[in-house]
Protein chains: 2
Amino acid sequence: MSKVQKLPTIRRLPTYLHKLNEMRKSGIEIVATPELARYMHLEAIVVRKDLASTGVTGQPGVGYKVAELIDAIRAFLSWDNTSEAVLVGAGSLGSAILGYEGFEEYGLRIIAAFDTDPAKIGRTIHDREVFPVSRLAELTRRMRIHMGIICVPAEYAQKVADELVEGGVWGIWNFANVSLKVPDNVVVQREVIAGGLAVLSVKLTALRRELNSESE
Amino acid sequence: MSKVQKLPTIRRLPTYLHKLNEMRKSGIEIVATPELARYMHLEAIVVRKDLASTGVTGQPGVGYKVAELIDAIRAFLSWDNTSEAVLVGAGSLGSAILGYEGFEEYGLRIIAAFDTDPAKIGRTIHDREVFPVSRLAELTRRMRIHMGIICVPAEYAQKVADELVEGGVWGIWNFANVSLKVPDNVVVQREVIAGGLAVLSVKLTALRRELNSESE
DNA sequence: CGGCTATGGATATTTTTTTATCAATACTGC
DNA sequence: GCAGTATTGATAAAAAAATATCCATAGCCG
C-alpha cells in the first residue's frame, strides 16, 4: 500500500487553487501568506507549510508568484493533465455531480454516465449520454477511462466497483455509503457525507455545553 | 474556541452506526471488533479505539452489545434528538440533499428550503416548500431552527451565512466553495468536495509511480 | 545608505493520531 | 473443571500534524 502524507494539507489545496485562479484572473501576480490565511481563516504558518509541501518556493520579504503557486499545486495534485471519468448512478446526487462545472478546474472530465433505469438510458444528463450499466466494463475499457465515480445505492456499489475494476479503472471516487473492496492496484476514495454532519454535531454540542456552563 | 478531538474517528462513527442499525434489524445482538473491522476495511485496533471514544464499554472475550453501541454513538453525536434545519439554495446539489432520505437516521430533519429563483419559490422539492431567501432570517427565527445548510454558489454564501446567523442558527453546514466568517458562538462545517478528489489524485499518482518503478 | 517592517524557510517543540503490546476476562470443547 | 482461544481495555510507543521560534532576505521610507 502506498503511503500518502499530510492528508489535511491535500484537502486544503483545492481551496487555495480556486482562490489563486481568481487572483490570476484579476491580474494579481504576487501573493503573501497572510492574505491567503485571512481568506482561508487559517493561521499563516499553516498556509506556509501547505504551500511548502507542494515544493514551491517563495521570496522572503515578498511572497509567492501566483502563477508559480498555481502550477505547483496543479502539478502536485496531478491536475495538470485532465483525466477522464465515468459516473455510475444518475440519481439526484449523480445528476448534481454531472451538473457541477467546477471539476474541469480540478483536472477531471466526466465523459459518460451509466444507470439501470430504462427511462434514463439513451438520454443525456447535463450533456453526458447515459448508458446501461450492463455495458459499464466494456465501454470503460474501450474508452480507456481510468477513473470511476460511484453514486449508486450502497447495496449495488460493490458490484459496480467490480465492474469498474474489470473495465480497467485505477481510481474510484465512492459516494455510496459503504466501504469497498478492490485490488491493491486500485485506489478508492470514499466520500462520507454524514461524516461532516457528525463533526458538525460534535462541535455544536461542545460549543453549546461551553456556552451554557459560562452563563451559569 | 471549543476543542474537539479525534476528528477522523468522528467521521467514521456514522458508518458504524449504519452497519449497527442493519445488524439490529437482522436481530444480531452482539458484535465483536474484528467483524466491524472487516466491514469497514480497517484494522481492529482502530475500531476498538473509535468505539471506546464514545464511552461505551464491551465485554472482554465477547464483544459489544449492538443496542448499547448504537445508543452510545447516537448520544456521542447528539443524534438522539432530531434537530431541524433549513436548506438554502435549491439547485442541483441542494435538491440532491433534500432528496436524500438517510438524514433522519443521522438526527437531521430539513424543514424548509430557500432560493432566489422565482420559478422555484412556492413550489415544493421533495416535499419541502421553497421560500424566498429574503425571508430566510425571519422564518428561521420564527421556526426556531438552529441549523442551516448552504448550497448556494460561493459568491452568495457569506451573505446567506450572515442571514442564518441573524436568524439564530447555531450551526452551518457549508457546501459552498468558500470559507465563511461567523461569530464565535456559531459553528461552521465546510464540505470541500474537491478535497476528496485531491486526495484521490495524490494517492493515485503515488500508486502509479510505485507500480511503474516496480515493473522497471 | 541605514534602520524598520514584512515575509519565507529552517528548525524545534508540542499536540494529536495511529499503532503496538500485554494483562484480564469469558466462551468453547474436551 | 481445565486448557485453549478470542476478545476487550489499559498502557506504551511510534508516527504524523500542528504550532512556535528564530534567522535571513527584500522592500520601504527617511
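By convention in this document, chain letters (A, B, ...) are assigned in the order of the sequence lines, proteins followed by strands, and residues within each chain are numbered from 1.
- If you look at B/Trp173 and B/Tyr106, their ring centroids are not closer than 6.0 Å.
- Rounding to whole angstrom units, CG of residue A/Leu7 and P of D/dA18 are separated by 10 Å.
- Counting any heavy atom pair closer than 4.0 Å across all strands shown, A/Arg12 reaches sugar-phosphate atoms only and no base atom.
- Of the two residues contacting DNA chain D, namely A/Gly61 and A/Pro8, the nearest-nucleotide position lying further toward the 5' end is that of A/Pro8.
- Dashed line: the shortest gap from a side-chain N or O of A/Tyr64 to OP1 or OP2 of C/dA6 is not under 4.0 Å.
- Under the 3.5 Å distance criterion, the side-chain polar atoms of A/Thr54 are left unmatched by any main-chain donor or acceptor of A/Asp50.
- Atom-to-atom, NZ of B/Lys65 to P of D/dT8 comes out at 14 Å; the value is rounded to the nearest Å.
- Nearest-nucleotide mapping onto DNA chain D: of A/Pro60 and B/Ile45, the residue sitting toward the 5' end is B/Ile45.
- Side-chain N or O atoms of A/Gln189 include none that pairs as donor or acceptor with a backbone N or O of B/Leu197 at under 3.5 Å.
- Comparing atom distances between the A/Val46 side chain and each of D/dT19, D/dG9, C/dG8 picks out D/dT19 as nearest.
- In the displayed structure, A/Glu43 atom CD is contacted under 6.0 Å by at most 12 heavy atoms of other residues, nucleotides or ligands.
- Proximity note for A/Lys49 (side chain, C-beta onward) versus C/dT7, C/dA26, C/dT11: the nearest is C/dT11.
- Rounded to an integer number of Å, the gap from CG of A/Leu13 to P of D/dA17 is 13 Å.
- The residue A/Gln59 sits close only to the backbone: its heavy atoms come under 4.0 Å of sugar-phosphate atoms, none of a base.
- Summarising the geometry, the separation between NZ on A/Lys6 and C1' on D/dA15 is reported as 13 Å, rounded to the nearest angstrom.
- Listed pair A/Thr57 / C/dG9 meets the phosphate criterion, a side-chain N or O lying under 4.0 Å from OP1 or OP2.
- For the pair A/Ile10 CD1 and D/dA18 P, the computed distance is 11 Å after rounding to whole Å.
- Nearest-nucleotide assignment on DNA chain C puts the 5′-proximal partner with A/Arg48, out of B/Asp50 and A/Arg48.
- In this entry the distance linking CD of B/Glu43 with C1' of D/dT8 reads 17 Å, nearest Å.
- Under 4.0 Å is where a charged nitrogen must lie from a carboxylate oxygen, and between A/Glu29 and A/Lys65 no such pair does.
- For the pair A/Thr33 and C/dG8, the criterion of a side-chain N or O lying under 4.0 Å from OP1 or OP2 is met.
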